[in-house]
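Scroll down for the structure; my scribbles are underneath it.
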Amino acid sequence: MTASTPQPLTGESAGYDPAAIERKWQERWRERGTNATDLRDGDRPFYALMMFPYPSAEGLHVGNLFAFTGNDIYGRFQRMQGHTVFEPLGFDAFGIHSENFALKVGEHPLRLIPRNIANFRRQLERAGLMVDWRYEVDTTDPSYYKWTQWVFLQMLERGLAYKKKAAVNWCPSDKTVLANEQVINGACERCGTPVEQRFLEQWFFRISDFAPRLLANLDHLDWSDSTRSAQRNWIGRSDGAELIFQGGREEGREGGRRQGGTAKGGTAKGGASKVATALRGSAEEGTAIKVFTTRPDTVFGATYLVLAPEHPAVDALTTPAQRGAVNAYRERTAHQDIVSRRVTREKTGVFTGSTAVNPATGAAIPVWIADYVLMDYGTGAIMAVPGHDERDFEFAGVFGLPVTRVIAGPGQDAATALAAAYTDTEGTRLVNSGQFDGLPVEEGKRRIVEWLASRGAATATVNFRLHDWCISRQRYWGPPIPVIYCDECGLQAVPERDLPVLLPDIPDFKPDDSGVSPLARHAEWYHVPCPECGQTARRETDVSDTFLDSAWYFLRYPSALRHDVAFDPDTTRKWLPVHSYIGGNEHAVLHLLYSRFVTMVLHDAGRLTFEEPFTRFRAHGMIVRDGAKMSKSRGNVVNPDEYINEWGADAFRTYLMFLGPYEEGGDFRDRGISGVKRFLDRLWSSVIEAIESAGAGAPDPAVIRKLHQTIRKVGTDIPQLSYNTAIAAMMEYMNALRAGERTPGRAEVETLVQLVAPFAPHIAEELWERLHAGAASSRASIFDVPWPAFDAALAAEESIELVVQVNGKVRGRLTVPTGVTQDAAVAAALAEPSVARFVTGTPRKVIFVPGRLLNLVV
RNA sequence: GCCCGGGUGGCGAAAGGGCAGACGCGGGGGACUUAAAAUCCCCUGGGAGCGAUCCCAUGCGGGUUCGAUUCCCGCCCCGGGCACCA
């Protein structure tokens, strides 16, 4: 690749030198405060937010720039529409990623991060973003995390933060607890190490209490469908019922095997069931077992129960004869790593020795424990319906438990054998279900729940998959959780006046195997007077999850200059909720859900007037390079600095937007950028020629028509983030402008410069200044000049090309006046030999689409 | 397995019931030049024909329609998310 050399042009004008004009305008924007937003001003505020980056040591990723440029174009466009636009940016610099990198290079994050941030800011400034850097936030700055700690206190105050000992995902390599979201296929998302299970005291936020609202509001948000769908799946609503099975009764002793004769595929190990029967003894009377099911219609087919090994009722249900086996199994699952528990599909389990009564059939059915039932979903217990659930069928097969058909599809009846779990519901009906036989599934569900409910054995219930948010991290690089433990007074919140709890500058920030944060090793920090009684007390040593930092940063930006509040109520009312948020879909279920949750809590606390933070969200696509995902190991990472050096920020930005649909991403190819650069070169020379030939040549109506069509196209494409087609339209106009020998007129180029401005701001400012040299307006930024007005009359075509089809096949084209009538069009079409030869006699039918097409059916 | 995207020339892609391939890259030819680069102009989905023209073509198979890349049904493949969630 060779850098384009400046082309000598006529007269004294210099050629297009991106490096020089980009330097010039970035400096001028700084001097003149062009990008500074007066937050008190303007009756049409527009908050254009982009997801702030994690400032890695490798520097700005092209994916960051792709995201930011898309947001910047939209923001600049809104400004030209007359909005006061606020486009802030900051750095999400806490967290395990930074900390691990610091450990790797042996440098303290307190020294490393500021350097990374400085490098990022330098790279970002070169990209020509309309960012008001006065409002920059850095989550690791005490003036920021003071308020992150404040957010925690809001949660604590409202009973939404709580501590519990929990089985957590423990990464033995990073030596830390991971959120469920950070475990990918049973392995740590950072290092890929298989995750183990540990029991630790953890801080949680009660996000699951908000599941119904978080789900319901999605219907009304102007968000990318892909993002909303990901959140719906994550929240995971299931409609069903809780059913009660009375445990430990003596009647129906043989009930567990009563229907065994109907089982066909599930009796592989009948012996186990015999053992179970022999060992069965009397369990404690009256233990009620609640199960959750989405298929209450299949309750007549529930032939056994399964409890999670951790279920609190297991002790009471275990008979003396089975205690040894049950305890051994529970011991094993407690220590089992989460990988094999979650990923292995092999069915294991142990019989408790007890039975429970199926509330529908009255039969006594055996109660088992198995690790395929999870304590943290539903009630931690299930009714097993092996006939109609794949997992239950498999389990029944392993342990020789009876399988009963209670759902029959077309061509099946109550006696049809089950070779596998039958899970269809469409067009099926209930069988072997007493008075409910013959009902379709949906009606069966309703009627059976009503019937059982009348006997106190069922409640219609909704369950969510969403778990509470574990925010504890036994690490160093995060905001300390502002809590103090006093032997006298118990758990104490750090009073707001004592915030921030500063993260101390300690040299040994490396986590060890203790499961406790490195902060615990520093007595001078760890010991603190109790805020209540003044006695020596201990600080909480966990720091909070990075996702808490980013769950509220959009509230901080407009108030970033204030140090007495997290966010100023008046400013917040004026500028929020965020009008436009653009970011990657990798944050669809973490950051975006947590932000919605925090906003909802602050709304309920009366601190915000809105409960949804982002009015409009669009997920941008991913950029790959030469058809492959960018990675250091592949060596195909695009370094923005190199490209900006070679082609200029304007060409780089515009190419990023041109290479594919913004919301889908695209393929970065070095060759492709030259086309965009050529476009900017031509823009430059066209404007220079127009200036130098001032007054020469009348405007060409065809060019003006094309111009207005382009104004319309670009003006509708930008709000839809259809940047690639907007650029294509401007290129088309450029081609029309340059067709023939004529010199472009001033009016023909001036508007184009405005259309290009959001994409290539530096060249646009430079050309605008040159077009208005000497005029009073020359000191104004092009971004303070209103967007060009579209004139429909000027854009209208006088004549159109009418496509003529015969039986749907194109047989000719006619140039006709725009308002041509059907009769005139048919007459003209039949006069064309290319059409007439396919038409004999009068057409049977004529389809006429005015302005587009004529189809003759013969 | 379930839920989202997506599959169109040599390549990145347009068109979301109405001319398939806009725009750009790459390629071919030409102009300018002593020459090259840059720039400018023309051509560029496949096939048949000297030609005007004709046939084929938007992952595969059906359907609806005067007309389908677009809508419907059933598959296949690629990318992403969720997943022993009862």
Side-chain angles (χ1 to χ4, degrees), chain A residues 2 4-5 7 184-185 224-234 236 238 240 291-295 298 306 341-347 370-374 376-385 389-392 394-395 423 463-467 585-586 588-589 619 621-622 624 626-627 629 655 658-661 663-676 678-679 681-682 685 722 724-732 734-735 738-739 741 801-810 812-813 833-834 837 843-847 849 851-858:
Chain A
T2 51
S4 66
T5 47
Q7 289 305 299
I184 308 296
N185 289 330
S224 294
D225 287 340
S226 55
T227 314
R228 293 196 298 170
S229 154
Q231 290 213 353
R232 280 196 192 98
N233 288 341
W234 189 259
S238 287
V291 306
F292 174 73
T293 179
T294 55
R295 296 293 305 277
T298 62
V306 188
R341 172 132 186 203
R342 294 223 169 206
V343 177
T344 307
R345 307 274 147 148
E346 222 169 88
K347 294 289 176 290
D371 66 1
Y372 83 95
V373 174
L374 309 173
D376 58 7
Y377 183 76
T379 61
I382 61 157
M383 64 174 200
V385 184
D389 181 281
E390 282 163 19
R391 298 151 299 180
D392 297 343
E394 197 190 331
F395 189 85
T423 56
N463 245 302
F464 295 92
R465 212 175 54 85
L466 183 67
H467 290 100
N585 236 355
E586 68 273 17
V589 291
M622 208 176 64
V624 297
D626 301 325
K629 199 170 172 172
Y655 176 59
F658 184 61
L659 56 71
E663 290 178 76
E664 286 168 36
D667 194 355
F668 189 100
R669 288 169 191 256
D670 284 354
R671 286 273 176 76
I673 196 169
S674 60
V676 164
R678 260 196 279 275
F679 168 69
D681 284 338
R682 290 200 220 178
S685 46
S722 186
N724 56 333
T725 54
I727 294 164
M730 292 187 284
M731 287 173 166
E732 259 187 83
M734 175 65 76
N735 292 340
R738 307 273 300 194
E741 295 292 297
E801 201 173 65
L802 192 71
V803 173
V804 182
Q805 296 180 337
V806 179
N807 290 342
K809 289 197 186 236
V810 179
R813 299 174 174 84
S834 64
R837 51 194 286 232
R844 276 195 299 129
K845 193 173 174 186
V846 175
I847 286 113
V849 184
R852 283 189 174 269
L853 135 157
L854 178 70
N855 187 12
L856 305 174
V857 185
V858 294

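A, B, ... follow the sequence lines: proteins, then strands. Residue 1 opens every chain.
Within the 4.0 Å cut-off from OP1 or OP2 of B:C56, at least one side-chain nitrogen or oxygen of A:K809 is found. Side-chain nitrogen and oxygen atoms of A:S226 include none within less than 4.0 Å of the OP1 or OP2 phosphate oxygen of B:G81. In terms of phosphate contacts, A:N735 brings a side-chain nitrogen or oxygen within less than 4.0 Å of OP1 or OP2 of B:G24. The side chain of A:N233 places no N or O atom within less than 4.0 Å of a non-bridging phosphate oxygen (OP1 or OP2) of B:A83. Using a 4.0 Å cut-off, some side-chain N or O of A:R465 falls inside it from OP1 or OP2 of B:A83.
Comparing the same atom, P, in B:G47 and in B:G10 gives a spacing of 10 Å after rounding to whole Å. When the P atom is used for both B:G67 and B:C77, the distance is 32 Å, rounded to whole Å. On the P atoms, B:C66 is 22 Å away from B:G16, given to the nearest whole Å. Using atom P as the reference point in both B:G21 and B:C72, the two lie 25 Å apart (nearest Å). One P atom belongs to B:A14, the other to B:U53, and the distance between them is 31 Å to the nearest Å. B:A37 and B:A15 have their P atoms separated by 36 Å, given to the nearest Å. Between B:C78 and B:C84, the distance separating the two P atoms is 23 Å to the nearest Å.
Looking at the side chain of A:D667, the nearest of the listed nucleotides B:C23, B:G18, B:G12 is B:G12. For A:R678, taking side-chain heavy atoms from C-beta onward, the closest of the listed nucleotides B:A14, B:A86, B:C25 is B:C25. For A:A728, whose side chain is taken as the heavy atoms from C-beta onward, the closest listed nucleotide among B:A22, B:G12, B:C40 is B:A22. Side chain of A:N855, nearest nucleotide from B:G12, B:G18, B:C3: B:G18. Among B:C23, B:C66, B:C84, the nucleotide with an atom closest to any side-chain atom of A:D371 is B:C84. When the nucleotides B:C25, B:C19, B:A86 are ranked by their closest atom to the side chain of A:V810, B:C19 comes out on top. Nearest to the side chain of A:L374, among B:G24, B:G18, B:A86, sits B:A86. Nearest to the side-chain atoms of A:T293 among the listed nucleotides B:A86, B:C23, B:C40 stands B:A86. Ranking B:C84, B:A86, B:C25 by closeness to the A:F292 side chain, first place goes to B:A86. Counting only heavy atoms from C-beta on, A:M731 has its side chain closest to B:C23 among B:C19, B:C23, B:A86.
Applying the 90° criterion around 0 to the glycosidic angle, B:G9 comes out syn.
Of all nucleotides present, none satisfies the Watson-Crick or G-U wobble test against B:C84 with each distance under 3.5 Å. Across all strands shown, B:C78 is found opposite B:G5 as a Watson-Crick or G-U wobble partner, with both distances under 3.5 Å. Pairing for B:G24 is with B:C11, a Watson-Crick or G-U wobble pair whose two hydrogen-bonding atom distances lie under 3.5 Å. For B:A37, there is no paired base (Watson-Crick or G-U wobble, both distances below 3.5 Å). The pairing partner recorded for B:U53 is B:A48, the criterion being a Watson-Crick or G-U wobble arrangement whose two distances lie under 3.5 angstrom.
In terms of modelled atom types and a separation under 3.5 Å, the side chain of A:T379 and the main chain of A:A381 share a donor-acceptor contact. Within the 3.5 Å criterion, the main-chain N or O of A:R669 finds a donor-acceptor partner in the side chain of A:Y655.
Contact annotation: the side chain of A:R295 never approaches that of A:V385 to less than 4.5 Å [non-hydrogen atoms, C-beta and beyond]. A 4.5 Å side-chain heavy-atom check between A:E394 and A:Y372 finds every atom pair outside the cut-off.
Comparing A:Q805 and A:S229 by the nucleotide of RNA chain B whose heavy atom lies nearest to each, the residue mapping closer to the 5' end is A:S229. When the nearest nucleotides of RNA chain B are assigned to A:V849 and A:R682 by heavy-atom distance, the more 5′-ward of the two goes with A:V849.
Using a 4.0 Å cut-off between charged nitrogen and carboxylate oxygen, A:D225 and A:R228 count as a salt-bridge pair.
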- Message: side chain to side chain donor-acceptor pair (under 3.5 Å) for A:T227 and A:N585? Distances and angles first, verdict last.
- Response: CA-CA 6 Å; A:T227 314; A:N585 236 355; 2.8 Å; yes
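Of the N and O atoms on the side chains of A:N735 and A:R682, at least one donor lies less than 3.5 Å from an acceptor on the other residue.
Interface remark: the A:R813 side chain does form a donor-acceptor pair with the B:C19 base, using a distance-only criterion of under 3.5 Å.
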